[in-house]
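Note that ligands are numbered from 1 as they come in the structure, with each ligand's atoms numbered from 1 the same way.
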Amino acid sequence: MSDILSRLADTLEARKQADSTSSYVAKLYAKGLDTILKKIGEEATETIVAAKNGDRQQIVYETADLWFHCMVMLASQGVRPEEVLDELARREGLSGLAEKAARSEQ
Ligand SMILES: N=c1c2ncn([C@@H]3O[C@H](COP(=O)(O)OP(=O)(O)OP(=O)(O)O)[C@@H](O)[C@H]3O)c2ncn1[C@@H]1O[C@H](COP(=O)(O)O)[C@@H](O)[C@H]1O
């Protein structure tokens with residue numbers, strides 16, 4: 001999974017030099033951070049509606065849109081997706097530690 005995110009992050013980085021007439025991502029960068037954040041808000045709302053409707057295919061589609069626009073935001077801020085994955089891994093480690101501690105108290 002992280003290969004896909006890494007490749008997409010590389011593409012998003014390259015789009016910083018691209019022509020905004022031929023690239024959706026370059027167009028978003030040109031419009032600025034507020035536009036990117038507004039897209040995240042819209043896609044989050046669409047994801048919520050899909051989940052409320054219990055429409056499996058729509059949930060996948062809207063979540064992909066949401067993640068994609070979050071990736072554009074990360075790229076615009078110079079943050080790599082690996083940093084987010086590392087944070088999730090760190091939390092997984094923390095929860096592993098908490099589980100170990102709970103077991104040793106028993
Ligand atoms: N994964 C995506 C991706 N997911 C969603 N989208 C676009 O995100 C938009 C979703 O917004 P909406 O559903 O609101 O559709 P819209 O009305 O066209 O959007 P707005 O004009 O209102 O912003 C659509 O235009 C989709 O095409 C994406 N556009 C690009 N990518 C990836 O980004 C790469 C670079 O894209 P370009 O910069 O376009 O070459 C591509 O190779 C893909 O891998």
Side-chain angles (χ1 to χ4, degrees):
M1 180 183 80
S2 62
D3 281 356
I4 293 170
L5 296 183
S6 292
R7 279 200 307 275
L8 179 56
D10 290 345
T11 302
L12 298 181
E13 197 56 39
R15 290 298 189 267
K16 290 180 179 175
Q17 322 299 332
D19 177 2
S20 64
T21 56
S22 60
S23 156
Y24 174 75
V25 174
K27 202 183 300 173
L28 275 182
Y29 289 145
K31 288 183 177 171
L33 181 62
D34 282 359
T35 299
I36 297 169
L37 299 179
K38 190 160 166 261
K39 287 301 295 182
I40 292 177
E42 288 170 13
E43 302 304 346
T45 303
E46 287 167 15
T47 303
I48 290 166
V49 171
K52 279 285 203 184
N53 291 336
D55 182 336
R56 213 183 145 74
Q57 199 179 351
Q58 203 61 21
I59 290 169
V60 171
Y61 186 90
E62 298 300 348
T63 303
D65 271 354
L66 176 59
W67 287 11
F68 167 71
H69 285 91
C70 287
M71 291 281 292
V72 175
M73 178 276 292
L74 291 175
S76 79
Q77 301 304 296
V79 179
R80 291 286 305 186
E82 291 83 355
E83 293 176 59
V84 179
L85 294 174
D86 284 351
E87 175 59 19
L88 289 173
R90 189 187 69 82
R91 293 178 190 181
E92 189 183 31
L94 286 181
S95 102
L97 286 177
E99 275 170 29
K100 261 190 204 161
R103 271 201 302 272
S104 69
E105 278 170 19
Q106 286 170 1

For T11, all residues meeting side chain to side chain contact (heavy atoms under 4.5 Å, CB included), sequence neighbours excluded: R15

Those protein residues which place at least one heavy atom below 4.0 Å from ligand 1: L8, T11, R15, S23, Y24, V25, K39, E43, D65, F68, H69

Set of side chain to side chain contact (heavy atoms under 4.5 Å, CB included) partners for R91, sequence neighbours left out: E87

K16 atom NZ, over 12 foreign heavy atoms within 6.0 Å: yes

Pairing residues for Y61 by the ring-ring contact (aromatic ring centres under 6.0 Å, His included) criterion, not counting sequence neighbours: none

Non-hydrogen atoms of V72 and I36 that approach each other most closely: CG1-CD1, 4.0 Å

A75 versus E13, closest heavy-atom pair with distance: O-OE1, 4.4 Å

